[in-house]
Structure formats: C-alpha cells, structure tokens
Amino acid sequence: MKDKRKFFYKTLAFLALLGLILYPVQRVMARKSLSGAWDMTNKVGGFYNEEPDQFEVMFFGPSHAYAAFSPLVIWEETGVKSYVFATQQQPIWATYTYIKEALKTQSPSLIVLECRMAFGDQAYYIEGNKGKDIGVTYSYMDELPLSWNKVELAMQSAPDWENRLGTLFNFMMYHSRWNELNRADFTFRRSQARDPYKGFVMLEPQAAPQPRPAIEGIEETAPLLEKNQYWLEAIIRLCQTEGIELWIVKSPSNLEVEEKPCLNTVRAIAAKYGVPFHDFNEDYCAIGLTEDMFYDAHHLDALGATRFSRYFADELAAARPGLSADPDDPVWAADLETYHQALAAFG
C-alpha cells in the first residue's frame with residue numbers, strides 16, 4: 001500500500017513539474033486566432049477578461065450560436081448585456097464545461113443553449129474516428145485555462161490517455177510550428193484578449209441563395225447518442241441546481257430533413273424537464289429571413305444574423321421583461337458603433 005501511495009505522489013509531482021516546464025513553451029507554440037472573423041482566441045480567451053457579473057444572458061453551443069446571436073444588437077434593442085461563449089462544432093459535453101467555466105465569473109439570469117450538437121453523431125472528435133478532425137477538440141480546449149473543469153473535459157474528449165494529455169498540454173499538437181512563429185506568438189498575453197463583438201462571429205455576405213429544406217410536417221423522433229442525451233440532461237440539471245433559467249433553442253440554420261427527428265427528440269426532452277424550447281427555423285417569415293442571408297448552407301451571414309438578433313431581442317423582451325438592463329454603457333456604445341461600421345462596409 002505504501003509503495004502504491006509513493007508511486008502516486010511521485011507521478012503527481014512529475015506531472016506538476018512537467019507542466020511547469022512545458023507551460024511557457026506551450027504558451028508560445030500554441031495556435032492563436034487573433035484576427036479575421038474567426039478570432040477565437042479573442043472571443044473565447046477574451047471572455048475571461050470581461051468584467052465579472054456583467055452578463056444577464058449567456059449563449060452557449062456550436063457555430064450555429066456564434067453566427068446567429070449578436071449581443072451588441074440585442075443590447076441595442078433591449079439594453080440587456082450578453083455574451084456568446086461558443087466554438088465550432090462544440091460537443092454538448094464541452095458546452096457543459098463552458099457553462100461551468102462561465103459561472104465562475106458571471107451570474108446570468110438566463111442561459112440560451114443552441115442545441116445543434118445535441119444530435120451530433122460522434123462520441124469523440126479525434127483523428128481516426130470516422131475521419132473527424134481533432135481540430136474540433138482543440139478548438140474548444142485550447143483557450144480554456146488549466147483547471148479541474150478542463151481536466152474533466154479532457155477525460156470526456158478522448159478514450160485514451162495519449163489524446164487526453166494531448167488536449168491538456170497542446171504542445172504535443174503544436175510543437176512543429178517553429179517555422180510559423182511570428183512576433184505575436186512571443187508578445188501576446190491572454191490577459192490582453194478582448195472581443196468587441198462579445199463572441200459573435202460576423203460572416204461576410206456571399207450573395208449565394210441557400211434553399212431551405214422542406215421540414216414541415218415531420219413529427220417523428222429519432223434517438224440521440226447516449227452520450228449526447230446524458231450531457232444535455234446534465235446541462236438541464238446544472239441550470240436547475242444553480243437556479244438559472246434555461247432556454248433551449250435551434251437558431252435559423254436551414255435544418256436538414258434528417259436532423260428534424262433528432263430536434264423533435266430534444267424538444268421532447270425539454271418538455272420532460274419543463275424547459276422552454278424554440279425552433280427559430282419555423283419563424284423565417286416572421287424574422288424576415290431570405291435565402292440570400294446565409295453565409296453557407298447552415299450559417300447566417302452578418303446581415304441575416306443582425307435581422308435575427310433584432311427579432312430575438314423582441315422575443316426576449318416580451319417573454320422576460322424582468323431582465324436587468326444597462327442601456328447607457330459607453331464601452332458597449334463604442335463597440336456597437338464599430339459593429340455598425342463593419343456592417344456598412346459590406347455594402
């Protein structure tokens with residue numbers, strides 16, 4: 001027994017020492033997304049630099065969240081402050097961790113869960129798993145600071161220790177970036193990250209019509225992956241435990257015919273727990289969305305997202321008039337002006 005305990009403490013000490021050695025190197029070598037529409041280092045990493053207890057509403061989920069909900073437009077319409085804490089193809093088990101991370105510094109009255117990945121088709125997003133890119137996993141792991149939450153997420157993100165450790169210490173992933181390094185890799189500090197769009201990704205209009213599949217009348221349900229259902233229900237229970245209202249939604253995304261039965265299952269799970277649910281794919285006419293307001297088949301462009309966010313703001317104000325508002329914040333006003341200038345540049 002003593003030998004086992006001694007081995008455990010030696011292993012723990014070794015891992016701690018390894019972390020101290022690798023951390024400065026990892027900070028330099030890690031991928032940093034600091035410019036362009038998908039500046040996720042600013043959007044995810046910058047969240048940790050936001051003023052505590054600032055956001056009354058928080059949005060979570062995959063790219064269907066960050067391409068649809070514009071916190072600045074919602075603030076312009078309602079005075080309610082919000083943030084989109086999302087990453088590409090973010091699995092539902094990662095969303096659970098992102099919610100826990102957000103609650104370390106924020107006390108939202110409402111959490112809005114964009115539920116597309118509740119019916120994702122993978123138990124892990126790693127190489128060799130039906131060709132899925134491990135980049136999905138690193139996109140949600142990279143910007144999270146090391147914590148017990150991140151360790152638990154690594155355990156859910158891979159079936160083996162090699163990949164689990166790889167997501168925690170991404171030096172293993174990025175060690176070959178030597179010839180790509182630039183000045184920003186050495187000078188950038190996470191404490192400097194900030195996103196004026198509050199997590200929203202502004203996608204340039206493409207002027208290419210994206211037809212909407214005919215999903216009306218599909219009433220049947222389809223089973224979710226067991227892992228996805230478990231973590232969806234875990235999110236519901238977490239919000240209930242924390243006393244936070246949860247609203248499960250599907251943002252406008254030209255939902256595919258084969259996705260609709262799975263969405264119906266999510267709707268049924270929400271009803272089982274008494275959680276509000278809304279599929280905004282049913283509201284295109286009311287929103288005023290047209291086929292040319294999409295960046296690609298499943299993501300709104302900046303003009304479509306702005307129009308949808310105004311509609312969402314009206315829905316939010318009507319259903320939840322008691323949300324705290326701060327309509328006169330000069331920093332948010334300046335960020336909103338930047339937002340409108342970027343929109344105007346699209347023509």
Side-chain angles (χ1 to χ4, degrees), residues 57-71 73-74 77 82 84 86 88-92 95 99 110-121 200-201 203 210-225 228-229 231-233 235-236 239 245-291 293-301 304-320:
V57 178
M58 288 206 61
F59 300 92
F60 296 90
S63 58
H64 290 196
Y66 67 52
F69 297 101
S70 171
V73 172
I74 294 168
E77 297 294 316
S82 61
V84 185
Q88 62 158 333
Q89 290 185 262
Q90 186 180 96
I92 198 76
T95 301
I99 293 173
L110 174 67
I111 284 175
V112 179
L113 172 64
E114 210 295 333
C115 68
R116 170 58 185 87
M117 291 306 289
F119 41 98
D121 61 354
F200 171 68
V201 172
L203 298 176
Q210 300 291 342
R212 181 189 178 203
I215 59 172
E216 293 79 4
I218 299 177
E219 302 295 338
E220 66 265 25
T221 59
L224 308 180
L225 283 183
N228 287 340
Q229 181 161 338
W231 287 105
L232 174 61
E233 293 180 339
I235 288 172
I236 294 172
C239 290
E245 183 180 2
L246 175 65
W247 188 6
I248 299 177
V249 305
K250 183 68 205 74
S251 65
S253 61
N254 291 331
L255 199 69
E256 297 289 349
V257 171
E258 60 269 21
E259 294 175 329
K260 180 61 172 174
C262 294
L263 184 62
N264 290 340
T265 299
V266 174
R267 186 194 300 264
I269 292 171
K272 171 185 173 183
Y273 285 92
V275 174
F277 175 91
H278 197 119
D279 177 14
F280 288 99
N281 287 278
E282 299 174 353
D283 297 357
Y284 279 34
C285 289
I287 299 169
L289 288 178
T290 58
E291 292 181 351
M293 291 183 176
F294 285 81
Y295 175 78
D296 58 22
H298 301 297
H299 297 87
L300 291 167
D301 65 21
T306 298
R307 181 167 294 187
F308 167 63
S309 294
R310 294 195 192 286
Y311 178 84
F312 180 85
D314 290 341
E315 293 285 306
L316 184 69
R320 296 161 180 84

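Values in this document were obtained by computation on a predicted structure and should not be read as measured data.
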**Report entry** Thr265: partners by side-chain hydrogen bond (donor to acceptor under 3.5 Å, both in side chains), with sequence neighbours left out
**Finding:**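 side-chain hydrogen bond (donor to acceptor under 3.5 Å, both in side chains) check on Thr265 returns nothing, list empty.
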
Query raised in the report: Can you name the residues that form a side-chain hydrogen bond (donor to acceptor under 3.5 Å, both in side chains) with His299, not counting sequence neighbours?
Result: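 Here the qualifying residues are Ser63, Asp296.
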
Any side-chain heavy-atom pair from [X] and [Y] closer than 4.5 angstrom?
X	Y	value
Val249	Phe277	no
Glu233	Ile269	yes
Phe294	Asp301	no

Under the 3.5 angstrom rule, does the side chain of [X] hit a backbone N or O of [Y] as a donor-acceptor pair?
X	Y	answer
Thr221	Cys262	no
Asn264	Ala222	no
Tyr284	Asn254	yes
Ser251	His64	yes
Arg307	Leu289	no

Distance-minimising heavy-atom pair for [X] and [Y]:
X	Y	answer
Pro211	Glu291	CA-OE2, 3.5 Å
Ala68	Ser309	O-OG, 3.1 Å
Ala118	Asn228	O-CB, 3.2 Å
Gly61	Thr95	CA-OG1, 4.1 Å
Leu300	Pro252	CG-O, 3.9 Å

Query raised in the report: Any ion pair linking Arg267 and Glu219 (charged N to carboxylate O, less than 4.0 Å)?
Result: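 No, no charged N to carboxylate O under 4.0 Å.
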
Requested in this report: With side chain to side chain contact (heavy atoms under 4.5 Å, CB included) as the test, would you mind laying out the steps for Phe119 and Val266 before giving the verdict?
Outcome: CA-CA 8 Å; Phe119 41 98; Val266 174; 4.1 Å; yes

Just how far is it from atom [atom1] of [X] to atom [atom2] of [Y], taken to the nearest 0.5 Å?
X	Y	atom1	atom2	result
Ile99	Leu246	CD1	CG	7.0 Å
Arg320	Leu110	CZ	CG	5.0 Å
Asp314	Ile74	CG	CD1	10.5 Å
Leu263	Leu255	CG	CG	5.5 Å
Ser253	Glu114	OG	CD	6.5 Å
Lys260	Asn281	NZ	CG	7.5 Å

Query raised in the report: Taking the inter-plane angle between the rings of Phe59 and Phe69 on a 0 to 90° scale, is it parallel (under 30°), tilted (30 to 60°) or perpendicular (over 60°)?
Result: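 Aromatic pair Phe59/Phe69 classed parallel.
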
**Report entry** Candidate pair Leu113 and Leu232, rule side chain to side chain contact (heavy atoms under 4.5 Å, CB included), full reasoning
**Finding:** CA-CA 10 Å; Leu113 172 64; Leu232 174 61; 3.7 Å; yes

Query raised in the report: Do Phe312 and Trp247 have ring centres separated by under 6.0 Å?
Result: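 That pair passes the under 6.0 Å test.
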
Query raised in the report: Given the side-chain rings of Phe200 and Tyr66, with only the six-membered ring counted for Trp, is the space between their centroids under 6.0 Å?
Result: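 No.
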
Query raised in the report: Given the rule in the side-chain hydrogen bond (donor to acceptor under 3.5 Å, both in side chains) test, do His298 and Gln210 qualify, once you have shown the distances and angles that lead to the verdict?
Result: CA-CA 8 Å; His298 301 297; Gln210 300 291 342; over 6 Å; no

Query raised in the report: Can you list the steps and then say if Glu259 with Lys250 is a side chain to side chain contact (heavy atoms under 4.5 Å, CB included)?
Result: CA-CA 11 Å; Glu259 294 175 329; Lys250 183 68 205 74; 5.9 Å; no

**Report entry** Test item: side-chain donor near acceptor, His278 and Glu315, under 3.5 Å
**Finding:**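 Distance-only check fails for His278 and Glu315.
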
